[in-house]
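Chain naming here is simple, since letters A, B, ... match the order of the sequence lines and numbering starts at 1 in each. The shown structure was predicted, so the numbers you read here are calculated from the model rather than taken from an experiment.
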Amino acid sequence: MADHAGLRLHVPEPEVRPGGTPDFSNVVIPKAGSVRRPEVDAEPESIRDLAYSIIRVLNREGEAVGPWAGLLGDEELREGLRHMMTLRAFDARMQMAQRQGKTSFYMQHMGEEAVSSAFRKALLPGDMNFPTYRQAGLLIAGGYPLVEMMNQIYSNEADPLKGRQLPIMYASREHGFFSISGNLATQFVQAVGWAMASAIKGDSRIAAGWVGDGSTAESDFHAALVFASTYRAPVVLNIVNNQWAISTFQGIARGGSGTFAARGLGFGLPSLRVDGNDYLAVHAVARWAVERARRNLGPTLVEYVTYRVGAHSTSDDPSAYRPKEESAAWPLGDPVIRLKKHLIVRGAWSEERHKQAEAEILDTVISAQKEAERHGTLHAGGKPSARDMFEGVYAEMPPHLRRQRQQAGI
Amino acid sequence: MADHAGLRLHVPEPEVRPGGTPDFSNVVIPKAGSVRRPEVDAEPESIRDLAYSIIRVLNREGEAVGPWAGLLGDEELREGLRHMMTLRAFDARMQMAQRQGKTSFYMQHMGEEAVSSAFRKALLPGDMNFPTYRQAGLLIAGGYPLVEMMNQIYSNEADPLKGRQLPIMYASREHGFFSISGNLATQFVQAVGWAMASAIKGDSRIAAGWVGDGSTAESDFHAALVFASTYRAPVVLNIVNNQWAISTFQGIARGGSGTFAARGLGFGLPSLRVDGNDYLAVHAVARWAVERARRNLGPTLVEYVTYRVGAHSTSDDPSAYRPKEESAAWPLGDPVIRLKKHLIVRGAWSEERHKQAEAEILDTVISAQKEAERHGTLHAGGKPSARDMFEGVYAEMPPHLRRQRQQAGI
Amino acid sequence: MPRKTMIEAIRDAMDVMMGRDDDVVVFGEDVGYFGGVFRCTQGLQQKYGRSRCFDTPISELGIVGTAIGMAAYGLKPCVEVQFADYVYPAYDQIVSEAARLRYRSNGQFTCPIVIRMPTGGGIFGGQTHSQSPEALFTHVSGLKTVVPSNPHDAKGMLISAIEDPDPVIFLEPKRLYNGPFDGHHEQPVTSWAKHELGEVPDGHFTVPLGKAAIRRKGSALTVLAYGTMVHVAEAAAAETGIDAEIIDIRTLLPLDLEAIVHSVRKTGRCVIVHEATLTSGFGAELSALVQENCFYHLEAAVARVTGWDTPYPHAQEWDYFPGPQRVGRAFVETMAA
Amino acid sequence: MPRKTMIEAIRDAMDVMMGRDDDVVVFGEDVGYFGGVFRCTQGLQQKYGRSRCFDTPISELGIVGTAIGMAAYGLKPCVEVQFADYVYPAYDQIVSEAARLRYRSNGQFTCPIVIRMPTGGGIFGGQTHSQSPEALFTHVSGLKTVVPSNPHDAKGMLISAIEDPDPVIFLEPKRLYNGPFDGHHEQPVTSWAKHELGEVPDGHFTVPLGKAAIRRKGSALTVLAYGTMVHVAEAAAAETGIDAEIIDIRTLLPLDLEAIVHSVRKTGRCVIVHEATLTSGFGAELSALVQENCFYHLEAAVARVTGWDTPYPHAQEWDYFPGPQRVGRAFVETMAA
Ligand SMILES: Cc1ncc(C[n+]2csc(CCOP(=O)(O)OP(=O)(O)O)c2C)c(N)n1
Ligand SMILES: Cc1ncc(C[n+]2csc(CCOP(=O)(O)OP(=O)(O)O)c2C)c(N)n1
Ligand SMILES: [Mg+2]
Ligand SMILES: [Mg+2]
């Protein structure tokens with residue numbers, strides 16, 4: 001052994017830390033429109049390269065270019081813009097509400113609005129998402145009332161989840177939105193199970209699983225890929241790579257693989273990477289993957305390349321672990337600004353209409369907030385009852401819980 | 001949705017079941033010597049093809065050919081043959097001992113003898129294996145006394161594990177053989193941890209993890225790959241693909257990926273497939289991977305393509321789920337016969353010497369067995385004490401266990 | 001009525017339910033073509049097709065995780081974990097997900113799954129084929145935990161479990177699969193064919209969850225047991241001649257506290273028997289409940305006879321296993337106290 | 001002596017041990033550069049380098065699994081699980097591997113690891129930032145389980161845990177991180193700077209595992225508590241005026257049974273308090289042990305005050321949390337019995 005130098009542990013580190021100058025020159029970004037669009041029944045092995053590239057539609061000039069462009073009309077794009085703007089306004093208000101003590105906790109989407117908003121529009125009624133805490137765009141684009149979201153966030157008397165869940169851990173079966181778990185990645189394999197069930201029943205509904213870049217390291221991610229691959233489940237498996245997992249940069253979860261989409265290759269899954277800040281690209285790739293699933297061609301893995309602009313949650317302060325200016329340096333830009341620009345370039349939008357829309361949306365959000373607050377906030381006004389705490393543990397309350405409820409005097 | 005036929009669940013099935021005629025025509029087997037041997041510091045991405053091929057050295061004529069040949073001399077090869085023959089004789093005797101009621105359980109290696117025997121010879125003293133229950137060749141080729149193995153199998157008074165473990169769940173730190181767990185795959189990630197520790201300490205020792213084809217579906221497999229990839233741990237990660245996991249054919253664990261080695265590609269690991277019934281090929285690939293680890297070039301994933309000729313364990317009867325003749329039809333042949341033939345072709349062995357060796361080995365095994373049986377078998381003769389049951393739960397026996405031991409009257 | 005082994009009874013329960021309800025699906029490791037390593041699912045794939053009964057990859061997490069997703073869709077998965085010792089990789093999915101789905105979604109998503117697994121020792125299975133992890137489930141609100149002790153109950157309770165709207169952990173004492181075992185390993189094996197609880201009604205019938213059964217009426221002391229230990233307790237009563245009232249708990253959660261309290265108030269003495277390790281075993285909960293509810297009726301301390309606080313050893317199996325002698329001794333001591 | 005918060009005390013323990021012993025390594029999610037979401041490892045990477053303190057992928061299984069491998073090599077890993085609610089993915093590695101390695105290898109391989117994790121509620125963390133899973137560890141032979149209630153013990157016991165040759169589950173009541181919390185959430189937060197157990201010796205010192213501490217001497221009844229509930233019990237004693245003897249269990253396993261029995265034999269009454277759900281909680285074991293060992297001394301049934309058998313709710317946090325009022329009521333009732 002004398003001929004070998006001693007071993008050393010390799011611990012990946014991000015390019016820069018606070019104090020340094022943000023540098024994304026290592027992020028290879030293909031030109032918009034340059035990545036091919038294979039047929040949905042293409043052999044996974046024949047499209048390996050898509051796991052190492054980035055599918056993009058909107059170019060720097062705001063034009064939609066290339067084979068993935070052309071799916072959405074003016075009205076749909078304006079609607080998409082409205083969804084993203086609504087999500088952003090909603091986030092801003094709820095962040096503030098948290099700081100005002102109206103709730104205990106909040107998690108925002110800043111920079112990632114396109115991913116969930118555009119994906120949602122590729123689904124049909126009856127399809128089911130198994131989301132993480134950073135896909136509220138699925139609800140907003142799916143028509144779930146803002147006031148219901150706020151009632152949940154406030155844990156107030158109208159909270160559809162009766163105060164049982166942490167703020168933003170929504171659930172709405174009707175809107176194809178599975179109950180969010182605080183435990184990362186657990187829902188990824190459940191999405192596969194839901195999709196398998198649909199296949200078992202000869203149904204046509206499909207499922208979508210969601211996971212963050214950091215959470216791909218969890219066991220459930222593996223189980224999901226194994227089962228999806230074996231049973232060819234009709235599911236779209238989405239990885240939202242927003243570069244960070246709280247304070248941990250994506251290199252710690254990714255290791256030597258280059259991309260997260262690459263994980264799918266070892267399972268024979270078509271694996272695509274897409275510009276997560278490009279509403280049109282997200283939507284186009286989602287449509288492709290959803291069609292594969294719906295046509296019984298099996299699962300698809302999609303990595304959305306984006307950036308978490310805000311703090312991880314209201315309990316986090318990113319200035320402790322990354323340069324403050326990093327988000328501004330992110331080379332894929334801002335999804336709202338990019339879609340806005342595209343609409344203007346298309347002649348379907350203007351600065352004025354944008355300003356007006358912004359004001360209208362803010363109004364809508366504020367009036368929803370007012371309505372929600374009439375039902376109470378976490379520490380004030382109407383609240384779920386202590387009885388609600390004992391209900392719903394089982395379909396029928398067993399004797400020991402009845403005894404305990406009695407003991408609690410409620 | 002009306003335009004789509006209903007979804008269907010895809011459930012993979014093996015080509016044949018009992019009653020059918022074995023058919024391995026779908027197993028693509030490259031010619032011996034045809035797969036290139038890259039430098040050990042090759043970029044993983046540049047050797048992707050090795051995850052989809054099979055590295056082979058011994059051709060049909062018994063010659064060692066191609067770039068992976070030439071590492072072992074006559075003496076080493078004869079030793080290798082002896083190890084495999086010893087393991088086979090050992091298995092036969094212990095299977096019989098189990099049927100005679102001398103122990104409760106046994107698991108044999110028939111057909112897979114080359115994998116662990118040849119791998120072991122690529123290691124240096126101090127390296128550590130994290131084996132499953134089907135790598136006793138690591139012990140035999142590592143010089144662990146047969147009688148100790150039998151003492152463990154018999155749970156007798158000389159059992160180095162004091163009767164605590166199921167038969168064949170050996171452990172020998174001194175021989176670089178980690179304690180076998182009954183829980184599949186758990187040790188795979190521990191191997192990565194051991195290797196990381198070696199790197200943390202600037203040591204030169206490396207680790208080897210072992211897992212079966214079926215067990216790659218377990219969570220620990222994923223954790224192992226994630227951590228190995230991220231920290232570039234000096235570890236060789238071995239998958240023994242013996243085509244079966246009890247009654248379940250490998251297609252259930254493998255799904256759409258084509259090979260098990262392919263799993264490593266999504267982690268940026270060099271991933272190789274090798275003819276597991278070819279002593280020379282196994283050894284050559286092991287040397288390659290071990291050198292990578294030792295030179296701090298990081299982890300390697302190796303899939304050994306072999307076939308489980310015997311029953312899963314003494315509790316299993318494979319005729320219920322696969323054709324009896326399937327093992328004979330396995331296209332990669334028998335590792336003992338193939339190495340024997342090669343030695344004869346080399347002029348380093350003969351039928352006579354083989355017969356003689358067979359007899360000698362049987363003698364050695366029988367005399368070890370006699371010695372072990374002097375120390376007792378599971379239901380007769382010397383046995384570990386009931387006191388041993390209470391010892392070793394902790395370094396120091398805590399009061400509650402002392403009380404319990406007293407209560408037990410021992 | 002036909003006599004069945006516990007394996008046949010369990011298989012029959014799944015067969016009946018798969019026949020009645022298309023939404024019942026059965027899967028697990030080696031469960032499909034082969035019919036399970038204990039053959040509990042034999043023939044079901046052939047009868048109901050590969051998409052209702054199938055083999056899975058070796059991932060307990062995946063088995064339970066996909067079952068939860070299927071249940072959220074509307075199916076009723078009844079899955080097998082090959083040995084209870086291998087349930088831990090699925091523990092997170094069970095505890096964090098299955099158990100809480102109804103609660104956290106306020107009933108929008110529910111989780112009617114059954115997780116079957118063989119438990120207990122007595123088969124020289126060593127540390128990883130012998131465990132009794134019931135207490136790890138009874139601590140988790142949202143789960144129901146069931147341990148049948150005979151073919152009759154196994155069928156009736158498995159049907160109840162499959163029909164139950166919530167997740168049920170169904171623990172099958174593997175030492176009872178082929179016959180009632182009273183701990184006398186030195187004696188010849190007996191068969192369910194000779195036991196009255198080997199009589200199993202045909203077709204659909206249920207034994208309700210949450211109800212204990214009195215296996216032996218008695219007045220001297222109350223024995224609380226489940227699974228294999230019911231039979232051990234019966235042997236201990238016969239051998240000591242102590243007139244024990246033996247309660248087969250059957251459902252650990254929700255517990256039939258009423259039956260327990262009623263008996264202990266009558267006898268004034270209580271011995272709890274289980275095979276799992278002592279500390280924080282389910283016996284602790286039973287003991288606590290008995291003394292909370294029968295404090296003024298107790299004439300002796302509630303005793304526990306259990307597996308020792310060590311891993312389940314291989315060679316020392318019968319030193320570990322709480323056999324009739326050890327249980328009998330506790331009877332005698334409790335009567336003397 | 002310097003006063004420290006519990007966070008500072010825990011960090012100090014790791015710092016001392018990393019300084020003394022090169023084999024001590026610290027890792028977990030967000031533990032390296034950032035220093036942990038509760039900042040317990042802040043500065044350690046800077047001081048000891050990236051190969052002794054580092055961030056990990058989000059895989060509790062991987063964290064514990066690699067720690068076991070490192071321990072088998074000869075290191076002494078002290079790892080963090082970000083919240084106890086997230087320990088389940090690692091449960092198999094803990095139960096099947098860490099806990100049994102010494103035993104099954106007959107001492108050839110051992111597992112001196114410490115698994116730290118924040119537990120308990122009171123911070124509006126909802127179901128997945130509030131759990132107290134201690135009973136899931138005390139049922140597993142081969143593990144030691146520790147719950148400190150103050151900075152002094154946190155440092156002394158964490159050093160003991162790191163030096164211990166066996167795996168230790170080290171549970172940190174997060175509601176105590178910054179100050180002693182007695183359950184009066186409506187009152188202003190107090191700080192460790194004003195509490196005598198905020199006094200933490202510098203450098204190396206240990207509080208032995210397996211020894212309880214009497215926090216309040218008393219003669220009316222014995223209270224068994226640990227973690228946050230020690231402070232709640234103190235408040236309840238003060239508010240009811242009942243002369244409770246409050247025992248801080250500190251180490252749940254191995255348990256200081258002697259101290260408990262000694263006190264209960266003296267007072268004849270016992271109330272057990274914990275935050276975890278009731279059924280099969282560690283209180284059940286304590287209750288069973290108390291009545292087994294003090295049967296003839298008990299003047300009232302042993303009582304348990306615990307979290308309810310529901311998931312930990314968000315909005316109803318203070319209905320769930322066993323606060324001083326609920327605990328005090330149990331004191332009064334136990335005295336009246
Ligand atoms: C099983 C589990 N482990 C740890 C955590 C704590 N945690 C919450 S969010 C988070 C980071 C997740 O990062 P990523 O998956 O990238 O998602 P993102 O927050 O960036 O959207 C961690 C570690 C958790 N919730 N669950
Ligand atoms: C966690 C866990 N689940 C299930 C089992 C039961 N079991 C024992 S061996 C086996 C099959 C393993 O197959 P494979 O990994 O291919 O290894 P092989 O036996 O073929 O060498 C199974 C399912 C187990 N031991 N551990
Ligand atoms: Mg992220
Ligand atoms: Mg196999």
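Contact annotation for B:A293: only backbone heavy atoms (N, CA, C, O) come within less than 4.5 Å of a heavy atom of chain A. Residue contact with chain B, scored on non-hydrogen atoms closer than 4.5 Å, is absent for A:S271. With a 4.5 angstrom heavy-atom cutoff, A:F260 does not touch chain B via any of its atoms. Of the atoms belonging to A:A253, it is backbone heavy atoms, and not side-chain ones, that fall under 4.5 Å from chain B. A:A217 touches chain B through backbone and side chain together, each having a heavy atom under 4.5 Å away.
Around CD of A:E39, the count of heavy atoms belonging to other residues, nucleotides or ligands within 6.0 Å does not exceed 12. Other residues, nucleotides and ligands contribute more than 12 heavy atoms inside 6.0 Å of the CD atom of B:E45.
Between the side chain of B:S229 and the backbone N or O of A:G256, at least one donor-acceptor pair lies under 3.5 Å.
For the set B:T259, B:V226, B:I200, B:D203, the count of heavy-atom pairs under 4.5 angstrom toward chain A peaks at B:D203. Of the listed residues A:I206, A:V11, A:D220, A:I252, the one with more heavy-atom pairs under 4.5 angstrom with chain B than any other is A:I252. When each of B:R8, B:H10, B:E218, B:R254 is scored by its heavy-atom pairs under 4.5 Å with chain A, the top score falls to B:H10. Considering only heavy-atom pairs separated by less than 4.5 Å from chain A, the leading option among B:L269, B:T216, B:T230 is B:T230.
Taking CG of B:L265 as the start and CZ of A:F267 as the end, the distance is 11.0 Å to the nearest 0.5 Å.
When the salt bridge (Lys or Arg N to Asp or Glu O under 4.0 Å) test is applied to A:R232, no partner is found at least two apart in sequence or on another chain.
When all heavy atoms of B:S198 and A:L7 are compared, the closest pair comes out as OG-CD1, 3.6 Å.
Within residues 47-55 of chain A, the residues approaching chain B closer than 4.5 Å by heavy atoms are, in numerical order, A:R48, A:Y52.
Between B:H222 and A:F221, the angle of the ring planes lies from 30° to 60°, which puts this pair in the tilted group.
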